[in-house]
Every structure is written in structure tokens, then in C-alpha cells.
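Here the structure is laid out as C-alpha cells; the discussion comes afterwards.
No hydrogens, no waters, no symmetry mates; every other heavy atom, side chains included, goes into these values.
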Amino acid sequence: MNTISRNFEGFDEVHLEELLKSNFKEIGFGVLHEIDFQETLQNKIGKDIGLYKQLQICNPSLAYEAIQLDPTIGIQLPCNVVIRKEENGLAVDIQSPLDSIPDNSPKDLRDMAEELIQKIEKLLEEIDN
């Protein structure tokens, strides 16, 4: 699996999560679901993995375009963003949009994913500066 990852030092989890949500909103994404794996695993099996939260995000316009180009792409939606604790701060891992696209998909879909990767990398860079 390919991910777009970045480590952040000097951020607390609430502030980083709010920055991610706000910056993704600026490029048309909203949060559909939030999954707190730390809480879930602690409650279900008594294991503490530390901070590990997943945001499932979606850009409705891009999702519509992608589904029009390849109806099977829906199995890969929504996009996933993970915020987790690292030794020296927090890490953010984002599922690469290209990872979601089958090799036999239309070129326009691959182009859309490559453009989105650039936007995500810029978004993460802006948060880090």
C-alpha cells in the first residue's frame, strides 16, 4: 500500500486534527466518519495502542467524477487519513489516491489521482510550516 505520510512535531492531536479537517475542507473534502481505534480496541479487547484515529474523508465532486469514469471505484471510497502517535510527535498517513485505482482504469481517473496527490502533499506542507 502506498501512503502519503508526514511527521509533525510540536502539535497536539486536537490541534492537528482540526488543521487537517480545515485544510481538507478548503480542497472540497469533508469528514464522513471518525474512528478512534485506541478507544475501540481498549473497549473491545483491553489493548491500548495509543493515539490512532482514522478520518474517512470524501470530496463529493471528485467522488462523482471518479464513479462516472469507473463505477467500480466506489469499493475504494472514501479516502482514509490516520493520525497516530510517533516517538517524536504525531504522524499523519493518507491512503494514496493512486493506490485506489485499478491498472485498467481510464487515464482520466489516474490523472485525477495524480493531481489530488499534489494537493494533499501541498496541504500537509502548509500545515507543517
Set of side-chain hydrogen bond (donor to acceptor under 3.5 Å, both in side chains) partners for [X], sequence neighbours left out:
{"X": "E17", "result": "K21, K53"}
{"X": "D48", "result": "Q38"}
{"X": "T3", "result": "S5"}

Quick one: [atom1] on [X] to [atom2] on [Y], what's the gap to the nearest 0.5 Å?
{"X": "L116", "Y": "Q118", "atom1": "CG", "atom2": "CD", "result": "10.0 Å"}
{"X": "K122", "Y": "I27", "atom1": "NZ", "atom2": "CD1", "result": "10.0 Å"}
{"X": "I101", "Y": "L109", "atom1": "CD1", "atom2": "CG", "result": "4.0 Å"}

Pair listing, side-chain hydrogen bond (donor to acceptor under 3.5 Å, both in side chains) test, anchored in residues 77-89, at least two apart: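 For residues 77-89: Q54-N80, N80-Q95, R84-E86, R84-D93.
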Any heavy-atom pair between the side chains of [Y] and [X] that's under 4.5 Å?
{"X": "I4", "Y": "I117", "result": "yes"}
{"X": "L55", "Y": "F24", "result": "no"}
{"X": "I83", "Y": "F8", "result": "no"}
{"X": "L20", "Y": "L124", "result": "yes"}
{"X": "L62", "Y": "P97", "result": "no"}

Going by salt bridge (Lys or Arg N to Asp or Glu O under 4.0 Å), name the pairs with one or both residues in residues 57-81, residues two or more places apart or in two chains.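 Qualifying pairs, neighbours excluded: none.
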Those residues at least two apart in sequence (or on a different chain) that pass side-chain contact (heavy atoms from CB on, under 4.5 Å) with N43 are E39
What residues form a side-chain contact (heavy atoms from CB on, under 4.5 Å) with I67, not counting sequence neighbours? I73, L77
Ion pair present between K119 and E115, side-chain N to carboxylate O less than 4.0 angstrom? yes
Hydrophobic cluster partners of Y52 (side-chain heavy atoms under 4.5 Å): I35, F37, L41, I45, I49, V82
Transitive ILVMFWY cluster of Y64 at side-chain heavy atoms under 4.5 Å: who else is in it? none
Taking every heavy atom of F11 against every heavy atom of I127, the minimum-distance pair comes out as CZ-O, 3.4 Å
How close do C58 and P78 get, counting heavy atoms only, and between which atoms?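 Minimum heavy-atom separation between C58 and P78: CB-CB, 4.4 Å.
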Any residue meeting salt bridge (charged side-chain N to carboxylate O under 4.0 Å, His left out) with [X], in chain and number order, not counting sequence neighbours:
{"X": "K107", "result": "D111"}
{"X": "E121", "result": "none"}
{"X": "D128", "result": "R6"}

